[in-house]
Every structure is written in structure tokens, then in C-alpha cells.
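If you're wondering where the values come from, they're calculated on a predicted model, not measured in any experiment.
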Amino acid sequence: MSLITALLLSVFIAVIITENYGYGYWMISRPIFAGPLVGLILGDVQTGLIVGGSVELMYMGILPIGGSVPPNAQIAGMLSTVFAIQNGGNPEVGITLALPIGMLAQLLIMFAWNINILLMHRADKYLANGETRKVELTHLSGLLIFFIVFFIPSFLAVYYGSGFVNDVVAGMPALLMDGMKVASGILPAVGMAMLLKMMNMKKFWPLFMLGFVLATYLELAVLPISLIGFSIAASLFLLNKKDKEADDEFVLDDDEVVEEDTQPGILTKKELRQTFVRSFFSMTSINYERYCSLGFAFAMIPALKKLYTDQDELNEALIRHNEFFNCHPYTGNAVLGVALALEEQRAMGKPITAEAISSTKAALMGPLSGIGDSVFKATFMTVFAAIGAGLALDGSILGPIIFIVPNIILNVGSRWYFIKYGHKLGTSIVSKMKQGNLLDKFVEGATIVGMMVVGAMIVGFVKMPVAFVWNFGEKEIIVQELLDAILPCMLPLLITLGFYQILVKNKKGMYICVIGSFVIGILGKAIGMF
């Protein structure tokens, strides 16, 4: 393949793959769709259909759920198609290389996630000064990072051939790569610690521990733990209500009518549409420390600028929305909508505290992420991928069409309606809370759920598997099993609490925690701890 052709094809591949994190999550980079697309460009659609369908089925159960970064199906499907066509339309060649290509891409994505941490910390400074334009450019720089990370290896693989891929995979420095993997499992503890700092850990730590215990000993997912937290909050409210009038704000007779707050809102459909459009870039600067926090702040900027004319209030709101946030990109828009409503009510003078907003976000993102991952990603996408892959393997062009059309409709429709009705719900809730007592209860309830969710998320996100094995004579003691016998997930819990203490006591604690994560990961791997 000529140099120019390899360059152009690699640019195309990198642009398409970047959508997976950079712009919209449209599913156009999935093997079932991207394989035939590459085949169309190279003049062999049939090989593209067969390789794309085969690789899609290979990677069907390997999904990036929560904060995981599994072997990447997208670049595996596209480069496997290229290699198959280069070898005379031989699908077996491409399919054989799909796994090593996916594993190499996994390391590249992890590298990009770590580089994006630098973007986020640069944005922190801009957010503190209210320099929204610089914040936006910093966030969107993630597009360039993902493009470069995918373009360079794609070009080398396309230009030098399939042998290059095997040589690169074999030549990776194991210590550095494995150490980075360990560090990537520790870094989410920094984001968790930041959330704990924002959510009054000193007062609500028992709920945090309860969420952790439910996730470790009962192995409950975030959604049921969220429901338990909601039940606890509701029970406390009902048991401690002081008079019937306060209770009637929530429990009404059929013939009663709630007196709505007639004060018009500040936000219009224009700001909701702006947030909707920006939500397609929610994962552009995704990173291991705070995941999609900067993407959340990026989406909120137009609305926040309209709500807060005072610069200090704007800066405070901007910083508030660069906290740890991780949710499915579709259902996460519901959190955006509710956050817009809470910020709007706060700007209108309602007693909505910063803690209430942070706690509400934390309470919602866990269960909504679980719904998004299980319903949209693991079920909806998988069903249409299976149908499409089956047709593609039979050589039918309907395969990729049947896959992509429903996914695009779901992407656009769910994002808009989640924002629209999330904002409507948030506004309705706040407008009915006219008594300060009820607002206090709302904040307390959101914090209870939020603390339990964070406790549970430590189990799913923070990973520190100990590899030490002690031998005493003929007896072998596996240290990880010993730690689990004392307290499952003890190290993830301790590292999160340790980071929390550092953040509370040190102004530059965030940088200490991030650097410490890498040091622990690489040195721990070097001495055989992990």
C-alpha cells in the first residue's frame, strides 16, 4: 500500500474510532458497521461484512461497563478488515489478528485516559477563573488526543502490515504497561475521595460504610443499593416528620391541588438544546481520576453563564460540576437535566445548597449508569448487533443498516428526552418544597443515597489486587485471600479513605494523590505486590 493511501486510510480509521469516546457514541465504529465501511473504501464490501460480523460476535460480550477498558472491538474490526483485504480478501487473516489488535488498542486507550488527566487539571485552573472558553478548548483537546493515539498505530499497522502488530504487542515493556494498568485501577479512588469531601463525609460516614458493606459482602449492584438508600432516606423522613402539614407536601389527597410556584424559570429551550448538543461530547476528556466530570461541566457552561451573572458565583458553579462523574452517556443526560433545574432554582434564590446539587448528582449517576449499561449497552445494542452480524456473515448489506439505524435513533432521542424531562422533574420537585424543613430533608436524603452509592462504587471502580504469595515450609499463603478474609476490598477502601484525608488536609492534595497512584502502581508491580 502506498504512503498516501496508508495516510488517508489511517486518518479515516482514526476519525471513525474517535467517535467511541470523542464525539457522540454513535456506534459507527463498531465492527459490524465499520468493517463494511472500510471494505467499501478498499473495494471489497463482502470481506468487510464477513470480518466485521465475525469480530462483532467475538467482542459481543466484551463491553466497557462502568470504568473498565476491555480489549477494543472498534479498532480490531477496522484493522482486521484492512489486513484481510490486503491478503487477497482472506477473512481468516483479519479475524486471527482481531484479538492482538484489540489488546494493543486497550493499552492505547488507557494511555489516552491517563493523558486526559492533565487536561482536567489544566481545566481546573480555568474553571476557578471563570475562563469558560479555555475550559471548552481544553475539554475538546481530548478529540485530538484520541485521534493521535489511534492514528499513529493505525498508520504503522496499515503501512507496514500485519507483522508490525504482532511485533509491537510482543515488544511492549511489560513492567511499564502492567504498572500503568494497576495505576489505572487506583486512580478512581482520587475521584471518589473528592466526592466524599464534597458530601459531608464526617456526618454521613456510616451510610458510606453501609454501601461498601452491601457491595462487598452481599455483592449487590449499585442500583439495588441506591434503592436501599432511598428507602432509608424515606423512612427517616416519615419517622421524623414534625407535623401533618410537612407530610402533606409529599402525600396529598386526590382532591388536593399543590400550589405551584408561578415564578418563571430562567432557562429556556435554547439552553436545554445547547446542553443537549454538548452532551454528545460528554466523554471527550474521559480520564481515570474523574471520568466524565469535565464533559459534564462542558455541557453545563451555556446554562450556568445565563444563570449566574456574578463571576464568583459562576466560578463556584463551574468548579462544582467538575467533580467525579461517571454515567452511561445516554442516561447521564437525566442527571444533566436535574442539575440544570437545581442550579436554576439556586440562581432564583431558592435555598438549594451546593451540597444538595453534588449529593443529587452522586445519588442519580449510579442507578442511571446501571440502567444505561444493562438496558442500552448490554441489551439493546447487543440484540441489534447479533441480528446485524448474522446477516453480515451471510453477505447481506442489511446487517450493518439494521444495527446502526436503531442505535442512532436511541442516541438522539434518549439524550434529548432525558435532559428535557430531567429538568422538568427537578424543577417540579424544588417548586413543591416551600418549607426549609423539606429542603433540608431533600438534601439529607440525596446525601444518604449518594454516600451509599460512592461506598458501593469503590468496590466496582477501585482495583488493587495483591499478587504476593507467602510460603512457610509446605504451606502457601495467598495474601489477597488473607486480606479478603479480614475485609473484602480492604485496600481499595483504605486507599480511598487515605486520599480523602490528603485532600482534606493538603491544598495540593489532588496532585499528591494522582502522582501517588502512578508510583504505587508501577513500583508495586516492580516488587511483585500487584
Trace of the salt bridge (charged side-chain N to carboxylate O under 4.0 Å, His left out) decision for Arg290 with Glu323: CA-CA 7 Å; Arg290 283 180 253 171; Glu323 302 163 358; over 6 Å; no
Taking every non-hydrogen atom, the tightest pair across [X] and [Y]:
X	Y	answer
Cys489	Asp484	N-OD1, 3.9 Å
Pro31	Val55	CG-CG1, 3.9 Å
Ala215	Ala456	CB-CA, 3.8 Å
Phe298	Leu140	CZ-CD2, 4.1 Å
Leu49	Pro36	CD2-CG, 3.5 Å
Tyr217	Pro488	OH-CD, 3.3 Å

Can you classify the ring geometry of [X] versus [Y] as parallel (below 30°), tilted (30 to 60°) or perpendicular (above 60°)?
X	Y	value
Phe146	Tyr21	parallel
Phe155	Tyr159	parallel
Phe325	Phe296	tilted
Tyr330	His328	perpendicular

Side chains of [X] and [Y]: closer than 4.5 Å at any heavy-atom pair?
X	Y	value
Leu493	Phe208	yes
Leu487	Leu483	no
Met78	Ile17	yes
Asn287	Leu294	no
Val449	Leu227	no
Phe280	Tyr25	no
Leu318	Val135	no
Phe518	Asn114	yes

Distance in Å, [X] [atom1] paired with [Y] [atom2], rounded so as to fall on 0.5 Å steps:
X	Y	atom1	atom2	answer
Asn20	Gln74	CG	CD	4.0 Å
Leu40	Thr81	CG	OG1	12.0 Å
Ile409	Ser414	CD1	OG	11.5 Å
Phe281	Ile286	CZ	CD1	15.0 Å
Met529	Met464	CE	CE	5.5 Å
Asn116	Trp113	CG	CH2	9.5 Å

Sub-3.5 Å donor-acceptor pair from the side chain of [X] to the main-chain atoms of [Y], do we have one?
X	Y	value
Thr47	Asp44	no
Glu19	Trp26	yes
Gln480	Pro465	no
Ser285	His139	no
Lys134	Tyr126	no
Thr331	Leu368	yes
Asn326	Phe324	no

Leu119: which of Asp124, Thr284, Thr138, Leu137 passes side chain to side chain contact (heavy atoms under 4.5 Å, CB included): Thr138
Test side chain to side chain contact (heavy atoms under 4.5 Å, CB included) applied to Cys513 and Thr496, Ile502, Ile186, the passing residue: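 Of the listed residues Thr496, Ile502, Ile186, the side chain to side chain contact (heavy atoms under 4.5 Å, CB included) partner of Cys513 is Ile502.
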Geometric cation-pi criterion, Arg415 with Phe276: 6.0 Å, 45°: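 Verdict for Phe276: no cation-pi partner in Arg415.
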Asn322 and Ser293: side chain donor to acceptor below 3.5 Å: yes
Side-chain donor-acceptor contact under 3.5 Å, Ser279 with Asn333: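 Checked: Ser279/Asn333 side chains pair up, N/O donor to acceptor below 3.5 Å.
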Within 6.0 Å of OH in Tyr23, more than 12 heavy atoms from elsewhere: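 Yes, enclosed.
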Residue Phe111 excluded, over 12 heavy atoms near CZ under 6.0 Å: no
Salt bridge (charged side-chain N to carboxylate O under 4.0 Å, His left out) partners of Glu136, counting only residues at least two apart: Arg133, Arg278
Which atom pairs, donor and acceptor, lie under 3.5 Å between side-chain atoms of residues 388-407 and protein residues at least two apart or in another chain?
from: Ser396; atom 1: OG; to: Leu398; atom 2: N; distance (Å): 3.2
from: Asn407; atom 1: ND2; to: Phe403; atom 2: O; distance (Å): 2.7

Working for side-chain contact (heavy atoms from CB on, under 4.5 Å), residues Val335 and Phe418: CA-CA 8 Å; Val335 187; Phe418 274 128; over 6 Å; no
Residue pair Ile109, Val149: steps toward the side-chain contact (heavy atoms from CB on, under 4.5 Å) verdict: CA-CA 8 Å; Ile109 294 170; Val149 162; 5.9 Å; no
Candidate pair Ile512 and Leu503, rule side-chain contact (heavy atoms from CB on, under 4.5 Å), full reasoning: CA-CA 9 Å; Ile512 296 173; Leu503 291 174; over 6 Å; no
Trace of the side-chain contact (heavy atoms from CB on, under 4.5 Å) decision for Phe151 with Ile13: CA-CA 7 Å; Phe151 168 76; Ile13 291 174; over 6 Å; no
